[in-house]
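What follows is a set of notes on a single structure, which appears directly below.
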Number of protein chains: 2
Amino acid sequence: MSMQVDGLGHPLRGDVFDSNCPSRTILDHVTSKWAVLVLAALRTGPRRFSALRRTIGGVSEKMLAQTLRTLEADGFLDREVAPTTPPQVTYSLSPLGAELTEHLTGLVEWIAVRIPDIEAARS
Amino acid sequence: MSMQVDGLGHPLRGDVFDSNCPSRTILDHVTSKWAVLVLAALRTGPRRFSALRRTIGGVSEKMLAQTLRTLEADGFLDREVAPTTPPQVTYSLSPLGAELTEHLTGLVEWIAVRIPDIEAARS
DNA sequence: TCCGGCACTTACCTCTGGGTACGTACTTAC
DNA sequence: GTAAGTACGTACCCAGAGGTAAGTGCCGGA
């Protein structure tokens, strides 16, 4: 088992460098192509599927639906269906997802702010 | 153009939600499967290729070499070749890469610490 | 009537990230 | 001789991420 345990055998933390540790799976999900953007978009508040689609340039409905399903299964998103016709589905960060997104936001912001320097360094 | 500019037309920041913005490319590189782990491993100090390979469970030499190349091209890594036989190559974070990795570290640490709760939420 | 909105799903396809295996040339150790 | 270390590169393969297009049924608007 890859997790470190305390004296009583309780898991304390994972090790993302160990390919067998569940934390690796979570890291892979969270850093997948569209997940970062979904989480970042939801940081400002709950959004409907179509709003997310419009916000995230380049994502297809298929990939968006797939990504939302994975993030919901991981426990990072909450999904609320309004009994309207057509039904309106609103996604929001779960408490766990909000914690996670705090860390992702720093990364996304840093890239946005430093992109001119990154581009200069690339050329 | 996806970047916001100031009054004089100078780029100020990117927008990762815009699929045409260069910051999206960088985000994709940085969050690719092995890049996160490479950057996290180098946070503690410079390392040789083989040391990185051993540290990061599951990565092949091919994917490691490929990832290192991309990160170096993006300006996040510095590469130093010692004139030994066989040559020993040491990778380290560039100043830009060190800034970037500060943000990635928070994410990785959070997952490592919270994986027991994430797992509980998944079942 | 058609069109758009809503939130997906399904079918079919492409292609790339990632995988395995082998190769390179030099050195040292057994 | 083989094996291991060094840091890659090359050849071949493929799973699945990702893409496009169409479909679903209800509603309201032109």
Side-chain angles (χ1 to χ4, degrees), chain A residues 16-20 24-39 41-42 45-74 77-92, chain B residues 16-21 24-39 41-42 45-74 76-92:
Chain A
V16 293
F17 291 111
D18 176 352
S19 60
N20 295 317
R24 177 71 79 80
T25 302
I26 299 300
L27 180 65
D28 288 345
H29 286 178
V30 166
T31 53
S32 65
K33 180 165 183 176
W34 302 112
V36 176
L37 297 169
V38 165
L39 292 163
L42 287 175
R47 285 187 185 229
R48 305 241 306 278
F49 184 94
S50 47
L52 284 169
R53 173 81 200 280
R54 287 191 296 268
T55 297
I56 303 172
V59 73
S60 65
E61 293 177 359
K62 174 193 168 184
M63 292 313 304
L64 180 55
Q66 185 174 309
T67 302
L68 289 167
R69 258 196 321 269
T70 301
L71 289 174
E72 190 193 353
D74 283 348
L77 300 189
D78 290 325
R79 180 174 180 275
E80 182 178 339
V81 186
T84 56
T85 299
Q88 305 194 326
V89 184
T90 300
Y91 293 89
S92 56
Chain B
V16 293
F17 293 109
D18 176 351
S19 60
N20 295 316
C21 183
R24 177 69 79 82
T25 301
I26 298 299
L27 180 64
D28 289 344
H29 287 180
V30 166
T31 53
S32 63
K33 180 165 183 174
W34 301 113
V36 175
L37 297 169
V38 165
L39 291 164
L42 287 175
R47 285 184 185 231
R48 302 238 310 277
F49 184 94
S50 46
L52 284 169
R53 173 81 200 279
R54 286 190 297 268
T55 297
I56 303 171
V59 72
S60 66
E61 292 178 4
K62 175 196 166 182
M63 292 313 303
L64 180 56
Q66 186 174 306
T67 302
L68 289 167
R69 251 191 330 265
T70 301
L71 290 173
E72 190 193 355
D74 283 348
F76 297 127
L77 299 190
D78 289 327
R79 180 174 179 274
E80 182 180 338
V81 185
T84 56
T85 298
Q88 306 194 325
V89 184
T90 300
Y91 294 89
S92 55

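Every chain is numbered from 1, with letters handed out A, B, ... down the list of sequences. In what follows, every heavy atom counts, from backbone to side chain, and hydrogens, waters and symmetry copies are set aside.
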Contacts under 3.5 Å, N or O only, protein and nucleotides 25-30 of chain D:
none

Side-chain donor-acceptor distances from residues 81-89 of chain B under 3.5 Å, at least two apart:
from	atom 1	to	atom 2	distance (Å)
B/Thr84	OG1	B/Pro86	O	2.7
B/Thr84	OG1	B/Gln88	N	3.3

Are side-chain heavy atoms of [X] and [Y] found at a separation under 4.5 Å?
X       : Y       : value
B/Leu42 : B/Leu77 : yes
B/Leu52 : B/Leu68 : yes
A/Leu37 : A/Val59 : no

Side chain to side chain donor-acceptor pair (under 3.5 Å): pairs with one or both residues in residues 29-39 of chain A, sequence neighbours excluded =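 Every pair satisfying side chain to side chain donor-acceptor pair (under 3.5 Å) with a residue in residues 29-39 of chain A: A/His29-A/Asp74.
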query = If only side-chain N and O atoms of B/Arg48 are considered, is one of them under 4.0 Å from the OP1 or OP2 phosphate oxygen of D/dA7?
reply =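 Result: yes.
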request  = Taking only the side-chain nitrogens and oxygens of B/Ser50, find out if one of them lies under 4.0 Å from OP1 or OP2 of D/dG5.
outcome  =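 No, no such contact exists.
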For [X] versus [Y], what's the shortest heavy-atom pair and its separation?
X       : Y       : result
A/Gly57 : B/Ser19 : O-CB, 3.4 Å
B/Thr90 : B/Pro46 : CG2-CB, 3.6 Å
A/Ile56 : B/Arg24 : CG2-NH2, 4.1 Å

ask   = Which distance, rounded to the nearest 0.5 Å, do you find between the CZ of B/Arg69 and the CG of B/Leu64?
value =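 Going from CZ on B/Arg69 over to CG on B/Leu64, the span is 10.0 Å.
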message = From CZ of B/Arg54 over to P of D/dA7, roughly how many Å is that when rounded to an integer?
response =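 Between P of D/dA7 and CZ of B/Arg54: 9 Å.
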request  = Using chain B heavy atoms and a threshold of under 4.0 Å, write down where along DNA chain C the contacts begin and end, 5' to 3'.
outcome  =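 First-to-last contact on DNA chain C, by the 4.0 Å heavy-atom rule, is C/dG18 to C/dT27.
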Report all interatomic pairs (protein N or O, nucleotide N or O of nucleotides 16-20 of chain D) with separations under 3.5 Å.
from	atom 1	to	atom 2	distance (Å)
D/dG18	N7	A/Lys62	NZ	3.0
D/dG18	O6	A/Lys62	NZ	3.2
D/dG19	N7	A/Lys62	NZ	3.3
D/dG19	O6	A/Lys62	NZ	2.3

inquiry  = Which residues pass the side chain to side chain donor-acceptor pair (under 3.5 Å) test with B/Arg79, not counting sequence neighbours?
reply    =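 With sequence neighbours excluded, B/Arg79 shows a side chain to side chain donor-acceptor pair (under 3.5 Å) to B/Tyr91, given in chain and number order.
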